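As structure tokens, the structure follows; a few thoughts come after it.
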Amino acid sequence: MPLLQVYERFRLPELDMRDAFLLVVAGALVTHLIYKKYEVQPSSYFPTFLLLGLTPCLCSSFLLRHFSSPVTVYVLGFSTFYASLLTSIACYRLSPWHPLARYPGPVLAKLTKFWIVYRFYRRDYLPNIIAAHKKYGDIVRMGPNELSFVNADLVPHLLAPDMPKGPSWDGRRNPDLPASVIVTRSSKEHAQKRVFWSHAFSTTSVRDMQPTITRRVLQLAEELEKRAVAKQTVNITEWMSFFAFDFMGDMAFGGGFELMRDGDTRGLWKMMDERVQGMAWQMHIPWATRMFLKLPSKVEAFRKFTIECALQRMKNGSSVKDLFYHLHNEANTVKRSLTLEELVVSGETAIVAGSDTTSTTMTGIWYFLLSHPECYERLQKEVDAAFPHGEGDALDPVRLAEMKYLNAVINEGLRLQPAISTFLHRAPEQGSGGKWIGGHFISEGTAVNVPPYLLHRDPRYFSPNPESFWPDRWLQEESTISYTNNSTGGKEVKKERRVKVITDTAAFVPFSAGNRNCVGKNLALTEMRAVIALLMQRFEMRFVDGYDTRRFEESVMDLFITKVGELPVRLTPRT
Ligand code: HEM
């Protein structure tokens, strides 16, 4: 019995059974205190082993003289330890002493992060956060240490330079690899990395990318034309995705993705999809990331593919000033260039951040236009007026940027279906001690969150009809609304009145805000304008016969990135 011998040898003080159990409970309470004070991350294996392995083991040893079997001792000791630890954590989180005690929220959300994990796993976080804000107001506790804010006045402070990315972003990166710009939490490091990206997506650089955009948009139109002529149904979701993926492949690695030409024969799109789905819930338990990465998944397969692309791009070079050109510092604009590993994670980031977001947004815009034929027609007229028949393709970026209705349609699509719907996640800088935001003290261990979807549909910021697709809200200052008045003895009278249109751009954050906003915004807008205008110019588009639009609406999911289901349409070439 080696443990008994150890016990004998070191002659642990003898405690009666009650005191021995109390000691185990005390060990659990001290462990909780240490966790709270020092924020020991479970990914720090040694301290975790000391606190969660050695402590219960040592405390349980005082029970050895009371039971004949050491197995019984350690099962009882460990169970008591963990039950006490979890009870202590739960009581503290629900207690009036917790720093976020005064904020209302769902009880399970206050208790554990596993509530958010479960909601993302079930893909119903969006309806839950909507319901929570409706019930509790503008500021809701959506996690043990997390507050969600729906208040446009506070957005600039919540997304300020001194509010770097929150802890959930640690769950979106591989801790064994360099952090790409989007997951870098330290402000200093983020600024160093952002320089490369800012060069890559400056107005001049996006202009340099124009030939690639033009080539890919024309290719998209040609592929769709083949299907239109063959009278095939086209899943526009798939084609927007293939386009965005091929284009980001060009940008990040000088090409190599040919989904529009070959289809998804290598399963690249599926790989990305699986990655997005897994990350959606894993990111909320960042301490488990390392463990998840050990499991076989498409994340690794996707990584291998991007390494191949990066090596190929380095070997072949490129005639185009792509993202790689800037990140590899081929123009010598910054002091150092990125290492191969940094280049690979950056390329991966560009593909994940730049393709799903753009394609989901464009698919959403097509859905809104097709379900509002009057808007479709008006946009087509604007395209035809700007690019008259026979005078070339609707691809001139300068003219497209000036088209008022086109840009209003894009804004309205971004408003109603933001690519990141519920999670602009931030926390005070480590070592800052915390930050006051609009009378609320956000301590260092607290994360804050801004859900664009909720801001975008809030009648205080977008009115009238915040839930409706109405591009004119971006163009008009006043509008006429109809209402019924039954004050005259119960008889309903239809009336109209002029109202001020509220379009509060402070609440419009599809690309986020502050110095960690979307660095690819200009590129995304340039791409989207070109795709929408050219397809409008070339085709008549409509839903397939008998299509029930609820199918699309029900397919929209918040997987951190918004994902949409199939959108089957029929295209007819315009003569
Ligand atoms: C419609 C298209 C797009 C939307 C709606 C979108 C949205 C966003 C949002 C909301 C963020 C900020 C996340 C946060 O604050 O936590 C972001 C960041 C970012 N986006 Fe986009 N994005 C789009 C297209 C693109 C494109 C085409 C690229 C090109 C590679 C790109 C690259 C990035 C990068 C690198 C970041 C991180 C920036 C940083 O942390 O400094 N995005 N995007």
Side-chain angles (χ1 to χ4, degrees), residues 155-156 158-161 163-169 172-173 179-187 189-202 205-206 209 212-213 216 240-241 243-253 283 322-324 326-327 345-365 410-411 413-427 447-453 455-456 508-532 558 560-562 564:
V155 167
L158 293 162
L159 304 178
M163 289 293 282
K165 293 282 173 83
S168 292
W169 280 92
R172 291 190 74 84
R173 60 166 292 211
S180 84
V181 66
I182 200 161
V183 296
T184 299
R185 292 185 59 200
S186 135
S187 291
E189 260 182 66
H190 174 266
Q192 286 164 354
K193 290 178 186 168
R194 175 96 181 193
V195 175
F196 289 90
W197 289 78
S198 300
H199 276 297
F201 293 107
S202 66
S205 305
V206 172
M209 293 171 188
T212 314
I213 300 180
R216 285 297 190 181
M240 291 302 108
S241 304
F243 162 81
F245 203 53
D246 282 355
F247 175 68
M248 279 325 297
D250 295 343
M251 281 305 96
F253 299 117
M283 68 183 282
D322 52 14
L323 174 65
F324 206 96
H326 295 279
L327 296 183
V345 291
S346 303
E348 242 183 279
T349 296
I351 289 169
V352 176
S355 52
D356 254 345
T357 45
T358 316
S359 66
T360 296
T361 306
M362 289 193 293
T363 307
I365 291 171
I410 293 175
N411 275 352
L414 285 162
R415 183 183 74 84
L416 282 177
Q417 194 195 281
I420 295 182
S421 288
T422 54
F423 233 75
L424 299 178
H425 188 68
R426 301 286 191 272
V448 296
N449 185 37
V450 176
Y453 186 97
L455 279 171
H456 291 181
F508 184 56
V509 283
F511 293 104
S512 188
N515 62 346
R516 290 170 186 83
N517 71 345
C518 178
V519 74
K521 177 180 168 182
N522 276 341
L523 178 65
L525 289 173
T526 310
E527 258 181 272
M528 293 195 293
R529 287 178 194 130
V531 168
I532 293 166
D558 173 27
F560 172 70
I561 293 177
T562 304
V564 293

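None of these values were measured; they are calculated from a predicted model. Numbering of ligands and ligand atoms starts at 1, following listing order.
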> His456: what forms a ring pair (Phe, Tyr, Trp, His ring centres under 6.0 Å) with it, not counting sequence neighbours?
Replying inline: Phe508

> Which of the atoms in ligand 1, numbered in the order shown and given with their element, are less than 4.0 Å from a heavy-atom of Asn517?
Replying inline: 38 (C)

>> Would you compute the distance between atom CG of Asp246 and atom CZ of Arg216 and round it to the nearest 0.5 angstrom?
In response: 4.0 Å

> What residues form a side chain to side chain contact (heavy atoms under 4.5 Å, CB included) with Ser180, not counting sequence neighbours?
Replying inline: Ile182, Val183, Val345, Thr349

> Just by modelled atom types, is the Thr562 backbone N or O under 3.5 Å from a matching donor or acceptor in the Thr360 side chain?
Replying inline: yes

> Is there a nitrogen or oxygen of His190 sitting under 3.5 Å from a nitrogen or oxygen of ligand 1?
Replying inline: yes

> Shortest non-hydrogen contact from Trp197 to Leu327?
Replying inline: NE1-CD2, 3.9 Å

> Quick one: which ligand 1 atoms are inside 4.0 Å of a heavy atom on Trp169?
Replying inline: 16 (O)

> Minimum heavy-atom separation for Thr184 to Lys165, with atom names?
Replying inline: O-CG, 4.3 Å

> Of all heavy-atom pairs between Ile420 and Pro452, which one has the smallest distance, and what is that distance?
Replying inline: O-CG, 3.2 Å

>> Strictly under 2.8 Å, how many protein N, O or S atoms lie near atom 21 (Fe) of ligand 1? Waters don't count.
In response: 1

> Between Phe560 and ligand 1, which part of the residue brings a heavy atom under 4.0 Å of the ligand: side chain, backbone, both or neither?
Replying inline: neither

> Which one of Met248, Lys193, Met251, Arg426 has a non-hydrogen atom at the shortest distance from atom 14 (C) of ligand 1?
Replying inline: Arg426

> Within less than 4.0 angstrom of ligand 1, does Phe201 place any heavy atom?
Replying inline: yes

>> Using a 4.0 Å cut-off to any heavy atom of Leu424, which atoms of ligand 1 qualify?
In response: 10 (C), 13 (C), 14 (C), 15 (O), 16 (O)

> Got a sec, which pairs hit side chain to side chain donor-acceptor pair (under 3.5 Å) with one end in residues 521-530, sequence neighbours left out?
Replying inline: Asn407-Arg529

> Which ligand 1 atoms are under 4.0 Å away from a heavy-atom of Pro510?
Replying inline: 5 (C), 7 (C), 10 (C)

> Hey, looking at atom 1 (C) of ligand 1, which of Ile561, Ile182, Val181, Thr361 has the closest heavy atom?
Replying inline: Thr361

>> Evaluate Asp558 against Thr422 for side chain to side chain donor-acceptor pair (under 3.5 Å), listing each step before the verdict.
In response: CA-CA 8 Å; Asp558 173 27; Thr422 54; 2.5 Å; yes

> Does Arg426 reach the main-chain N or O of Asn449 with its side chain, forming a donor-acceptor pair under 3.5 Å?
Replying inline: no

> Is Ser241 reaching over with its side chain to a backbone N or O of Ser359, donor-acceptor style, under 3.5 angstrom?
Replying inline: no

>> Closer than 4.0 Å to some heavy atom of Trp197 - which atoms of ligand 1 meet that?
In response: 35 (C)

>> Need the ligand 1 atom indices (1-based, order shown) with element for anything under 4.0 Å from a heavy-atom of Arg194.
In response: 38 (C), 39 (C), 41 (O)

